[in-house]
Amino acid sequence: MPESQNQSFKPSFGKELNIESIISAPLVAASKANVMMVTGQTRFLLEYCFTKEDGKTYEPVMIEMSMVRGVIDDSKKPTDPGYIQKAQLTFNIPLLCLVPLNSLAIDKVTVDFDMEITSVTSKESTKKVGENNIMDKKAQLNGKISGGPSGDKNNTQSTSKLKVGINAGPLPLPVGVLAILDLYTKNIQPLPEEKKPESIEE
Amino acid sequence: MINLDQSIPCPVCQTKIPFDTKQLLMGVQFSCPNCQAAIGLSDQSKPLVQETMEKFEELKKNVAK
C-alpha cells in the first residue's frame, strides 16, 4: 500500500461490513501473495534456467552430472584383483531439475476471528423460469469483528481479533514444466545400440 | 517428474535416486537404492549450480520481505 507508507495504518475493526468482505479480504490478500511468488519464480526460471535462442525459442540450460558404477570384468575370477572395476560416465540434465521449484507457494490459509452480526438486510432478485417470474429474496448479513476483553483492567476498551495463519508448502508443478522435465529425464536413459543386420551366408 | 521430490531417475535402472542440491554442491554423491550406481555433480557444473541456487535463495528472501 504505497499510500500508507508515510502514515500509520489504523484498521477500523469497529466498522460494519458485509460478511463476505470480512471473510474474503484475507483470502484475496493470500491469493495476491501467491501470485507475486509464482510470478517471481517464473521470471527466475526463464532468466536462469533457460537461454533464449534467436530471441524466440527458450532452451533449457544443461548441467553435467557424473555417475560411477561397478562393472564386473568377466575375463577375471571373483578372487582376482580388478574383478570389479569402476566405470564412470557423464550425462546432462536440465538445471531446472536441481532447483527446488514451487517451494514458495501458499497451500493453506487459516482465518480466525469472532464476529458479531449487527444487522440483516435483504436483497431482492427476479429470475425468469419459463413463463413465470420467480422472485428471490436473499439475506445479507452485516457484521463487525467482535472484540475480546483486553488484558489491562484499567483499559476498558476492547481489542478486536483477526488472526490469519498462512502456511507455505510445496505444491505440484504446472503440467507444462512437468512435461519439459519428463522429456529431458527420458533423455538420460541410455538407448540400446542398434543391431547391425547379420550378413547372410550363402 | 524429477523436481517435486528432488530425485532423478537412475540412468542405469530408472529407479528414483533422491538427492539434495546443497549436498550435491558440497560434493556428496547419491547412490541408486537398486543398482548402487552413484551420481554426483561434475566439477565444471558446480559454479553454475551454485550461482543459480544463490539467486534462488535471494528470490525467496525478497518475496518474504
Side-chain angles (χ1 to χ4, degrees), chain A residues 33-34 36-45 47-49 61-71 84 86-106 168 170-175 177-191, chain B:
Chain A
N34 226 358
M36 277 171 67
M37 287 191 284
V38 171
T39 308
Q41 196 166 263
T42 308
R43 279 185 192 155
F44 169 84
L45 203 79
E47 195 173 335
Y48 294 101
C49 299
V61 175
M62 304 296 283
I63 53 146
E64 194 181 272
M65 293 195 78
S66 63
M67 191 190 80
V68 181
R69 192 187 176 212
V71 178
I84 298 174
K86 280 187 178 177
Q88 185 164 358
L89 66 92
T90 57
F91 58 97
N92 291 329
I93 62 166
L95 175 61
L96 183 69
C97 300
L98 296 187
V99 182
L101 291 169
N102 264 19
S103 58
L104 302 172
I106 293 172
L171 293 182
L173 286 172
V175 179
V177 178
L178 285 178
I180 294 170
L181 291 173
D182 265 348
L183 285 169
Y184 277 93
T185 47
K186 277 173 188 164
N187 279 345
I188 296 173
Q189 298 172 16
L191 294 172
Chain B
M1 281 171 257
I2 60 178
N3 196 270
L4 191 60
D5 52 0
Q6 290 277 280
S7 64
I8 63 169
C10 173
V12 181
C13 66
Q14 314 316 319
T15 306
K16 278 187 173 184
I17 307 173
F19 71 91
D20 179 69
T21 309
K22 285 177 185 171
Q23 289 188 331
L24 273 178
L25 282 168
M26 287 188 283
V28 176
Q29 291 197 323
F30 292 86
S31 297
C32 170
N34 185 41
C35 69
Q36 310 307 320
I39 60 155
L41 193 61
S42 291
D43 288 339
Q44 65 185 62
S45 292
K46 275 181 187 172
L48 178 63
V49 178
Q50 178 81 46
E51 189 194 350
T52 309
M53 288 302 288
E54 280 169 9
K55 295 282 180 191
F56 191 65
E57 290 299 322
E58 203 176 295
L59 169 76
K60 283 205 273 187
K61 279 178 191 168
N62 287 339
V63 167
K65 276 178 188 174

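Quick note on labels: first sequence line is chain A, next is B, and so on, each numbered from 1. None of the values given here were measured: they were computed from a predicted structure.
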Quick check for you: among [options], which has the greatest number of heavy-atom pairs under 4.5 Å with chain A?
options	answer
B:Cys32, B:Cys13, B:Ser45	B:Ser45
B:Gly40, B:Cys35, B:Ala37	B:Gly40
B:Leu48, B:Asp43, B:Thr21	B:Thr21

| request: Compare all side-chain heavy atoms of A:Phe91 with those of B:Ile8 and state whether any distance is below 4.5 angstrom. | output: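 Heavy-atom side-chain distance check passes, below 4.5 Å.
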
| field | Test item: B:Leu41 and A:Leu98 side chains (from C-beta on) under 4.5 Å apart, heavy atoms | value |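 Yes; the side chains approach each other to less than 4.5 Å.
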
| request: Could you tell me how the ring of B:Phe19 sits relative to the ring of B:Phe30: parallel (under 30°), tilted (30 to 60°) or perpendicular (over 60°)? | output: perpendicular

| request: Tell me, out of A:Met65, A:Arg43, A:Glu64, who's got the most heavy-atom pairs with chain B below 4.5 Å. | output: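 With the most close heavy-atom pairs to chain B, the winner is A:Glu64.
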
| Pick one: which of A:Val61, A:Ile63, A:Val99 meets side chain to side chain contact (heavy atoms under 4.5 Å, CB included) with B:Val49? | A:Ile63

